[in-house]
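One structure is given here, and the rest of the page talks about it.
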Amino acid sequence: MRFVLLMAAREMRASWQRLLFFFVCIAIGVGAIVAIRSVIQSVRNTFAGEARSLITADAIITSNQQLKPELVAKIDQRLQAAGAQSMRSIEIATMARAADRADGRARMVELRAVEHGFPYYGRMKLADDVPYDHALLKGFGVLVRPELLAQLDVKVGDPLSIGSQRFTIRGVIQSEPGRRLGAFSIGPRVFVDLADLEKTGLLQFGSRVASQRLLKVPEAAFDRLIVDLRADFANEFARVRSYKATEDDIGEDFTRAENYLSLVGLVIVILGGIGVSSVTRVFVQQKMKSIAVLKCVGARSSQLLAVYVAQVGVLGLAGSLLGVLLAEMAMRTIPSFLAGATPGVEMDYALTLPAVVQGLGIGFLVSLLFSLVPLLDVRHVKPSLLLRDEARSHRPDLTQIVVTLVVVAGLVGLTVWQAGSLRIGSLVAAGFAATAIALHIAGTLLLRAIKPLARSRSFALRHAVLQLSRPGSQMRIVLLAVGLGSFFIIGVRSLQENLVDQFAVRMTKDSPDMFLLDIQRDQVAAVEQAIAAHMDPGVTAPPLVPVLRARVVGVAGRDVNLENYEDVRGRGSLGREYTITYRDKLASNETVVAGQMWDPTPSEQPEVSIEQFINESFKINIGDTVRFDILGRVIAAKVTSVRSVEWSSSRAGGFMFLFRPGVIEKAPHSFIGFLRGPRDLDARARLQAALVAAAPNVSVIDGREIIDAITSVIDNVTLAVTVVGTLVVVSGLMILIGAVAMTKFRRVYEAAIFKTLGATRRLIATVLVLEYGLLGILAGGIGAGGAIGLTWAISKYALEIPFTPLIGVSTAGVAITTLLVAAIGVISSWEVLQRKPLATLRAE
Amino acid sequence: MFLGDSLTAGLGLASDRSFPSLIEKKLKEKGLEYEVVNAGVSGDTSAGGVRRLDWSLEGDVRVLIVALGANDGLRGLSTKEMKKNLAAVLDRARERKVPVILAGMEAPPNYGAEYTRDFRNVYSELAEEYKVRFIPFLLQGVAGIASLNQGDGIHPNIRGAEIVADLVWKELEPVLRRPT
């Protein structure tokens, strides 16, 4: 034992310069794993926080009807069993009146009544930095949105009557957590105390009330409770929304981002592993000579094993610890890089324990795996053989297999630990295996392909080729490391771009945030005038959209013939009431996929353009005649084109049936409007007032607050995904640099011999450039190809987003890989080129 | 001719389950030869109703059932405007000598007693002024009862629609049986 430790210590002291290099390489690999997994975890926490603040609770039970007492009792029992806290909240549309004004101005408001402690998550922000406190509401206090102040011409401190009670305006709401997504309100928000609402007389039989129960549940009991509650509500008029719910677009974005993070987490573990493994491999290869010598002088196999395993173990562990330190330093610098980039985004950058444990485990296990297994060979090898031969093939024995299996199992366990999606895991594993095999085959093919070059006239080329194809060359290792590395880096980068694109599509800065309903034809001019007068400078509102309701009552066509409405109803959703419109041209989110769009002149013959969905689902084709019941009159229109509508573009919405102007506009109909209202709140209030004056029946729905909330959430998710993606690219590159640079030790001896035989530095450098350049092109090319495949598969099957191959990223990936490999090959061997050959030969 | 909104159109129901369709069935059963035209437009307010009246009144309309206002109430629109619009509908029907049944609506109590009262009064005052047949509340016995409504708590389900049809039928049948 003493010998083992002593020997290990001596060896390490003797070659500490070289060891330092190994050490740093391991540290970089481990550091990358620890840092990125930590960031991922904090990003996850941010997501969970955002998702919770979207509903202000862990979960929320909503109902628009009175729940049966026995159901309420059951819920209470379940909550108690789960150790959950809960509070009630009620939303109700009502009228608020300026109590002391002679004209008794009234305005529809969306009232929310809450209890003490609201909200569990998120923050209620009031104007002028007034801190929110439930005491503000107590005793008939009310908090209002600024629009209401403008609309009723009141200010903070004024009385407001709601129902039969007088309230006092105690503050102005700047932003509110948990504004329901997708549910646009018809009036500004006001907040009151729940106990006060009960005294207003508004809650009585027939009132339209949405009651909610906000839950705060211990994490351990959470999933179970939600499942149970959902089962309880199966046949009731109540719903449970969990912050983990994926029922809306935002939920989907969270899920996608989460999946992406799992994927990236997996990738960085593999990349880090590759880095560490290539380091240990070279280390052990280098030690083979010393081992043989020691065996000659009588060292036992077990002693030798112990010496080197101890060295590798110390090295692996110390390197891993240094890695953790590097990660910690990285975490401290990230926030300063991002400072000011996105105001309002709060992320917590700190190492997390599981990430540290995982990083250390992987650093230690990988270095053990890649040293122990080849070292086990020592037991069989005769010293003379060991001295003579560098590259032996030896059939692995049982011990080796068992050791390999144990260590691999440990690694797999570590990787799967905190695994996100199994699906992504398997896709990555498949991609990994496929790329590894492709690289292996490509390596063999490459050797064959370049064999003729070995007889080339150019000395440099000849030697570059020979270097690659000689037994025991580093070609396969580099090919594997660099190929897989570029595969993952390019893959992660393209996925990130596809994902962020997807987020951006839905919410652009000029998405409409005001919706006008029920504009009558004779009011169009007045409404358009009112809008034009109040828009922000430079912004023009899109024209109002005419809408009609219609039912399909018959189809006479090539593939289908439906005589009457009874027949149509048999065709599922074709029988529903459709909102239709007319227009003389396509909207920006439409393309004609079959037939031809009409020219902009009106036609006495009714013509209709159908959406692709109608064409595909109901087999209605161009040339068919569809009969529509429009307000009791039947209009038969000929299908002249099939359109595809980009539904996710929220600017213009879309219509299943679009009519050519000429006939249909004679039917009575109303108009709707989508517009991007003025940014300034007072200007918005003035626009609303002008609209009501121009057309009193028009309802204005203001989605600004909700859109702002969505935009900020999406900004956060995008930032998080970008930070993680960039970290992966940077650390992946560092790992690869390490792996390639490792191969320099094999160069030292050759270079010395070449020099002794009269080769110039320049010649040796050329050989190196050619050799590494060849490797780089090959590895980068295969990696990029694999990455495109991986991105495609993951986009399609795991993230469910449209896939756009990013040629730019891929080409850049190949170019950068090639340059990088060649440059690192030469630069890391710089020392080799400089060194006097004699010194090298002696040392070796 | 039923001039109405989503309650008339039968939103959420198969179109032969809307209350006008149920009345059409009754007509057939009783051997009364009338055709039912459903001019119910989901989401329509009284303002929309008055503007599409001419399109709908084209043809030989024997009875006009006016069932508008529910959306005015849901959106808390001005009761003055609603009264003006409904009066215009009744004027037009009077010009054409079409007998009218006016179906009233209640605003949900959410908006406070004042609004609910004003809203209710619009119908009773109009019925008084125009001397038309009057159903004070179209959803009498249906509104607010969970088992008679769809999940949204607004639109009647099949059983609810049957109750509405019975209520309307009581007013409609005498008009139809009156010799013309």
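Lettering follows sequence order; numbering is per chain, from 1.
Most heavy-atom pairs under 4.5 Å with chain B, from the set A/R576, A/R551, A/M108: that is A/M108. Contact count against chain B (heavy-atom pairs under 4.5 Å) is highest for A/D518 among A/D518, A/T579, A/D629, A/V698. Counting heavy-atom pairs under 4.5 Å between each of A/S670, A/A695, A/S207 and chain B puts A/S207 at the top. Each of B/N110, B/V37, B/T116 has some count of heavy-atom pairs under 4.5 Å with chain A, and the biggest count is that of B/N110. Options A/L202, A/L548, A/I630 differ in how many heavy-atom pairs under 4.5 Å they form with chain B, and the most are formed by A/L202. The most heavy-atom pairs under 4.5 Å with chain B, out of A/Q523, A/M95, A/R208, come from A/R208.
Contacts between B/Q150 and chain A at a heavy-atom distance below 4.5 Å involve the backbone alone (N, CA, C, O). Within the 4.5 angstrom heavy-atom criterion, no atom of B/L139 approaches chain A. Only the side chain of B/E114 comes within less than 4.5 Å of a heavy atom of chain A; its backbone N, CA, C and O stay farther away. Using a 4.5 Å cut-off between heavy atoms, B/S42 contacts chain A through both its backbone and its side chain. Proximity to chain B (any heavy atom under 4.5 Å) is shown, for A/R107, by neither the backbone nor the side chain. Only the backbone of B/A143 comes within contact range of chain A, judged by heavy atoms closer than 4.5 Å.
Ring geometry, B/Y111 versus B/Y115: the interplanar angle exceeds 60°, so the pair is classed perpendicular (tilted spans 30 to 60°). Note on ring orientation: taking the six-membered ring where Trp is involved, the planes of B/F134 and B/Y123 are parallel (angle under 30°, cut-offs 30° and 60°).
Every residue meeting the side-chain hydrogen bond (donor to acceptor under 3.5 Å, both in side chains) condition with B/R52, not counting sequence neighbours, appears here in chain and number order: B/D44. Looking at residues two or more places apart in sequence or on another chain, you find a side-chain contact (heavy atoms from CB on, under 4.5 Å) between B/D60 and B/R62.
B/V168 is listed as a side-chain neighbour of B/L138, based on a closest heavy-atom distance under 4.5 Å.
Shortest non-hydrogen contact noted between A/L203 and A/I92 is CD2-CD1, 4.0 Å.
Of the options B/I65, B/L102, B/I135, a side-chain contact (heavy atoms from CB on, under 4.5 Å) to B/E171 is made by B/I135 and by none of the others.
For A/K199, the NZ atom sits in a packed shell: over 12 heavy atoms of surrounding residues, nucleotides or ligands are nearer than 6.0 Å.
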